[in-house]
Amino acid sequence: MDEKDLVALNAMVLGYVQHGLAEEGFILVEQMQKLDIKPDVVTWNTLISGFAQACDEVMVSKLFELMLMNGVEPDAFSWTSVISGLVQNVQIEKALDTFKQMLQHGLYPSSATISSLLSACATMANVRLGRKVHGYAVVIGVEEDIYVRSALVDMYAKCGFISEARVVFYKMPEKNTATWNSMIFAYANHGYCNEAIELFNQMEKAEENKLDHLSFTAVLTACSHAGRIALGHSLLLLMQEKYKIVPRLEHYACMVDLLGRAGKLSEAYGMIKTMPVKPDLFVWGALLGACRNHGDIYLAEIASRHLAELEPQNNGNNMLLSNVYADTQNWENVAKFKKLMKRKKLRRFSGCSWVEAA
DNA sequence: CTAGGGTTAG
């Protein structure tokens, strides 16, 4: 067997995995083994990463066994792939457990492992654990890694510690697009809209940073929270004309939110009707939320109907519509809804907070 | 040729 064959095989497996076709990648590897091409650690890890992202725990364990049977030891890439797959699929407990197992197997976590763990802490809004991971990153010498630092900015922000996010951000000698985006989102999501917009402007001036679709999602979020309608519209144009970024659903959702919050419900609905992509639940949800705040029953019913189609299992949408009726004193409809929900044996989702109780 | 950070509504 030729080394070039293996590199080509690995590239093909990676291609499958990147397109969400881990199964195809696995079949290819099996076929190659019959042709006496022995997969190496890279091949196995690529497959593990694919099945971990697809949440296929059975295949992941099978791959660990298979690689051992073929005389290849799982390494830090193998374990980190599993951890990151679990974090991406919001299986945080399992991710932390897998991290423990990784350490028990005597493997050393890398900066990639740490950034995945920080992302897990952000998802849970668990700043106590986040600080531990931060300290651990310092100890093993990966704290200066740009991924780790961007993950720290995001983790502190999502846990509600904006000033600590800011400290990490401004300490960073080098930042990239994701770093800036994390900080703009941090400001926008905590009501520091002017700071978010200002930071976006700085990012645009700093030539070395490329703005991407998420930079615009972040700044549009700030615009909508601050009621900056004119700025939102001009940014939506700037994005397309100067940066050649095609607006995505999330940009439209921000615009609908922006118009809706300001009470311009028919303009918001007009945007939904003219947008070139099919509106998703965020877009309709933004409209429904605005209808609640402004007591528009007519549009609320339209939005609810679309939401019911898009996510029939989510009873929160019905609750919102019911709240619109209640707010506008339409008690007959409130009663109608309560009956409907009782019939469907639905219960209101219990509330949850992103910020851990102190 | 393998793992990592940032996503919109109530």
Side-chain angles (χ1 to χ4, degrees), chain A residues 3-4 6-15 17-18 25 39-50 52-53 75-85 87-88 102 109-120 122 142 145-155 157-158 175-186 188-189 212-218 220-221 224-225 247-258 260-261 268 279-293 300 303-304 307 311 314 316-317 319-321 323-324 349 351:
Chain A
E3 208 172 279
K4 256 165 55 186
L6 187 55
V7 172
L9 169 65
N10 288 344
M12 283 178 75
V13 176
L14 180 62
V17 163
Q18 284 174 343
D40 66 357
V41 69
V42 175
T43 325
W44 294 113
N45 287 345
T46 305
L47 286 175
I48 288 171
S49 153
Q53 278 169 38
D75 63 6
F77 278 82
S78 329
W79 288 94
T80 303
S81 299
V82 181
I83 293 167
S84 95
V87 173
Q88 282 166 33
M102 175 182 185
S110 66
S111 57
T113 324
I114 299 303
S115 32
S116 269
L117 291 177
L118 287 170
S119 168
V142 299
D145 182 271
I146 195 159
Y147 281 81
V148 169
R149 287 211 164 151
S150 301
L152 281 169
V153 170
D154 182 60
M155 185 276 291
K158 289 227 174 84
K175 305 173 178 73
N176 63 17
T177 302
T179 322
W180 285 87
N181 291 350
S182 295
M183 196 64 223
I184 299 172
F185 273 117
N189 288 327
D212 69 1
H213 67 105
L214 288 175
S215 319
F216 281 94
T217 306
L220 287 175
T221 302
S224 85
H225 293 171
R248 304 184 181 195
L249 283 163
E250 50 268 36
H251 302 114
Y252 289 109
C254 286
M255 292 305 293
V256 169
D257 187 50
L258 171 58
R261 269 178 213 263
D280 69 349
L281 70 159
F282 286 99
V283 175
W284 288 115
L287 184 69
L288 181 55
C291 288
R292 196 212 159 157
N293 290 328
S304 301
L307 282 168
E311 42 166 22
N314 185 349
N317 297 322
M319 279 307 302
L320 262 167
L321 180 58
N323 285 336
V324 179
F349 282 152

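All heavy atoms count here, side chains included; hydrogens, waters and symmetry mates do not. Below, read A as the first sequence line, B as the second, and so on, with proteins coming before strands; counting in each chain starts at 1.
- Rounded to an integer number of Å, the gap from M155(A) CE to dG5(B) P is 15 Å.
- With respect to S84(A), the side chain to side chain contact (heavy atoms under 4.5 Å, CB included) criterion is satisfied by exactly one of S116(A), S115(A), S119(A): S116(A).
- Counting non-hydrogen atoms under 4.0 angstrom, N176(A) reaches a base of the nucleic acid.
- The heavy-atom pair separating T179(A) from S150(A) by the smallest distance is OG1-OG, 2.9 Å.
- Checked by distance alone, S150(A) brings a side-chain donor or acceptor within 3.5 Å of a matching partner on the base of dG5(B).
- Across all strands shown, Q88(A) has heavy atoms under 4.0 Å from sugar-phosphate atoms exclusively, and none from any base.
- With distances taken from any side-chain atom of F77(A) to the nucleotides dA9(B), dC1(B), dA3(B), the minimum falls on dA3(B).
- What separates CD1 of I184(A) from C1' of dG5(B) is a distance of 15 Å, to the nearest Å.
- Remark: R261(A) is in phosphate contact with dG10(B), judged by side-chain N or O atoms under 4.0 Å from OP1 or OP2.
- Rounding to whole angstrom units, CE of residue M183(A) and C1' of dT7(B) are separated by 17 Å.
- S110(A) and T113(A) form a side-chain donor-acceptor contact under 3.5 Å, judged by distance and modelled atom types alone.
- Between the CG atom of L249(A) and the P atom of dT7(B) there is a distance of 16 Å, rounded to whole Å.
- Relative to the side chain of A151(A), the nucleotides dA3(B), dG5(B), dT2(B) differ in distance, and dG5(B) lies closest.
- Base contact: T177(A) has a heavy atom under 4.0 Å from a base atom.
- For dA3(B), the base has a donor-acceptor partner in the side chain of S110(A) [N/O atoms by modelled type, under 3.5 angstrom].
- A donor and an acceptor atom sit less than 3.5 Å apart, one in the side chain of D145(A) and one in the base of dG4(B).
- Among the protein residues, S111(A) comes within range of the nucleic acid bases, having at least one heavy atom under 4.0 Å from a base atom.
- S115(A) comes within 4.0 angstrom of a nucleotide base, judged by non-hydrogen atoms across all strands.
- Between the side-chain ring of Y147(A) and the base of dG4(B), a stacking contact exists by the 5.5 Å and 30° definition.
- We find that CG of L288(A) is positioned 7 Å from C1' of dG10(B), with the value rounded to whole Å.
- At a threshold of 4.0 angstrom between heavy atoms, the contacts of L14(A) are confined to the sugar-phosphate backbone, with no base atom among them.
- Residue-level contact check: L281(A) touches the bases, meaning some heavy atom is under 4.0 Å from a base atom.
- In terms of polar N and O atoms assigned as donor or acceptor, the side chain of T113(A) never comes within less than 3.5 Å of the base of dG4(B) in a complementary pairing.
- OP1 or OP2 of dA9(B) sits under 4.0 Å from a side-chain N or O of H225(A).
- Residue contacts shown for T46(A) are limited to sugar-phosphate atoms, with no base heavy atom under 4.0 Å away.
- At least one side-chain heavy atom of L288(A) sits less than 4.5 Å from a side-chain heavy atom of S304(A).
- Among the protein residues, D212(A) comes within range of the nucleic acid bases, having at least one heavy atom under 4.0 Å from a base atom.
- Atom C1' of nucleotide dT2(B) and atom CH2 of W44(A) are separated by 14 Å, given to the nearest angstrom.
- The phosphate of dT7(B) (OP1 or OP2) has a side-chain N or O of K158(A) nearer than 4.0 angstrom.
- Atom OG1 in T80(A) sits 4.0 Å away from atom CE in M102(A) (nearest 0.5 Å).
- At the phosphate of dT2(B), neither OP1 nor OP2 sits under 4.0 Å from any side-chain N or O atom of Q53(A).
- Applying the 4.0 Å criterion to OP1 and OP2 of dT2(B), one finds that S49(A) has every side-chain N and O outside that range.
- Between D280(A) atom CG and dT8(B) atom C1' there is a gap of 8 Å when expressed in whole angstrom units.
- Separation of atoms OG (S49(A)) and CD (Q18(A)) is listed at 8.5 Å; rounding is to 0.5 Å.
- Picking from dC1(B), dA3(B), dG5(B) the nucleotide with the shortest atom distance to the side chain of V7(A) gives dC1(B).
- Straight-line distance from the CG atom of L118(A) to the C1' atom of dA3(B): 15 Å, rounded to whole Å.
- Counting any heavy atom pair closer than 4.0 Å across all strands shown, T179(A) reaches a base atom.
- No donor-acceptor pair under 3.5 Å is formed between the side chain of N45(A) and the backbone N or O of I48(A).
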